[in-house]
Amino acid sequence: MKHPRITRALLVAAVLASGAFPPMAASAAPARPVAKAAAVVHFDLAAGQMPENIVPDRDGGVDVTFAGARQVARIDNQGKVRVLATLPAPADPAAVTPLLGFPLTTGLVRDGRTFYVLYATGSAKETGVWTFTEGNPPRKLADLPADGLPNGLARDGRTGTLYVTDSAKGAVYAVTPKGRVEVFSTDAALAPAGFFGVNGAKVRDGHLYVSNLDQGALLRTPMSGRTAGVFTTVASGLAGIDDFAFTGHGDQVLASLVTENKVVLAGGGRPVSTVLTAADGLSNPTSVLLRGGTAYVPSAAYTTQNDPNLLILRLGRGRH
């Protein structure tokens, strides 16, 4: 399937295949880069292999969403790709996904053998949270607004609640393990300013952290109740921020700036510093996975239309 050219900056992430991966240790180890990034694999843009999100796999590889292919795939530590699930094609051929115009899989969470994935089509029949266990077909867990764009996904391990960002509506939804959906927040800090609003999502230390692409900000709010408190700014000046990963130093993150072709170090009370650029091989980076002193940075090539890839960066253990 020839994938349509995407003419505006957006969010989507991940690439990794052919070639062995560095081992993924269990402990997060933040730090300053000490070696040049290297591309591990190059994906097929025309086939929709534009991974939107990335999570660690239990056997040393990774699992990703292929946005344009509507798939969740596993890339093992030898670089082999195996499709775990394919979401159904939209039943309504006239449906148009808000902001992007094509059906896509976005956020991804793995809990053992169970996966949760977001799917947006512009149609109420498909748009929402889907789930599956390995070896079984996906099923829809929760409906989300068809005129929204569910994008970032995070899970609170204490309660099993899923938190979903909606980049079109500037909202965050809380989805219970049984699929009940509640509006967690529509804070003005989540709103778009012309294109994409709230984007990536992570749960850490009793707080929900989110990014806002248009506003260039990393935000957080406590998760002490059924609705959010005030979102406060952790870091700003992050134009085009998509997803992010905590380094282990407080609320410091490595963040992908999809429209700027950069990965930066931000938060933690320090000035923003650039870690990777297009010169290192970035091509619209959309997420970051950090494990065991190694950063995995997928690029989707949405606006560059060139070389979707996964970069791997060894990190040192010095202070920032």
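Atom set for the values below is all heavy atoms of this structure, side chains included, hydrogens, waters and symmetry mates excluded. Residues take their numbers from the sequence shown, with the count starting at 1.
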Donor-acceptor pair, distance only, cut-off 3.5 Å: does the side chain of [X] make one with the backbone of [Y]?
{"X": "Asp166", "Y": "Val172", "answer": "no"}
{"X": "Asn53", "Y": "Leu108", "answer": "yes"}
{"X": "Asp214", "Y": "Phe195", "answer": "yes"}
{"X": "Thr127", "Y": "Thr121", "answer": "yes"}
{"X": "Arg110", "Y": "Gly112", "answer": "yes"}
{"X": "Arg70", "Y": "Leu87", "answer": "yes"}
{"X": "Gln215", "Y": "Ala193", "answer": "no"}
{"X": "Ser256", "Y": "Asp243", "answer": "yes"}
{"X": "Asn306", "Y": "Ala301", "answer": "no"}
{"X": "Gln49", "Y": "Ala46", "answer": "no"}

Please say whether more than 12 non-hydrogen atoms of neighbouring residues, nucleotides or ligands are located less than 6.0 Å from NZ in Lys262.
no

At their closest point, which heavy atom of [X] faces which heavy atom of [Y], and how far apart are they?
{"X": "Gly152", "Y": "Ala201", "value": "C-CB, 4.3 Å"}
{"X": "Ser123", "Y": "Ala95", "value": "CB-CB, 3.8 Å"}
{"X": "Tyr119", "Y": "Pro88", "value": "OH-O, 2.6 Å"}

ILVMFWY network linking Val198 to Leu153, side-chain heavy atoms under 4.5 angstrom
no

Leu190 and Val183: same hydrophobic cluster, using ILVMFWY side-chain contacts below 4.5 Å?
no

Reported [atom1]-to-[atom2] distance for the pair [X] and [Y], which is rounded to 0.5 angstrom:
{"X": "Leu141", "Y": "Trp130", "atom1": "CG", "atom2": "CH2", "value": "10.5 Å"}
{"X": "Leu208", "Y": "Arg204", "atom1": "CG", "atom2": "CZ", "value": "13.5 Å"}
{"X": "Leu149", "Y": "Phe196", "atom1": "CG", "atom2": "CZ", "value": "5.0 Å"}

Start with the C-alpha distance between Tyr163 and Val210, add both sets of side-chain angles, then the distance that settles side chain to side chain contact (heavy atoms under 4.5 Å, CB included), and finish with yes or no.
CA-CA 10 Å; Tyr163 292 89; Val210 299; over 6 Å; no

So, Asn284 and Thr303: side-chain donor and acceptor under 3.5 Å apart, yes or no?
yes

Are Asn136 and Thr133 linked by a side-chain donor-acceptor pair shorter than 3.5 Å?
yes

Can you say whether the rings of Phe66 and Phe43 are parallel (under 30°), tilted (30 to 60°) or perpendicular (over 60°)?
perpendicular

Walk me through it: do Val297 and Leu313 pass the test side chain to side chain contact (heavy atoms under 4.5 Å, CB included)?
CA-CA 8 Å; Val297 183; Leu313 178 68; 5.8 Å; no

Centroid separation Phe244 to Tyr209 less than 6.0 Å
no

May I have the list of side-chain donor-acceptor pairs in residues 229-238 shorter than 3.5 Å, sequence neighbours left out?
none

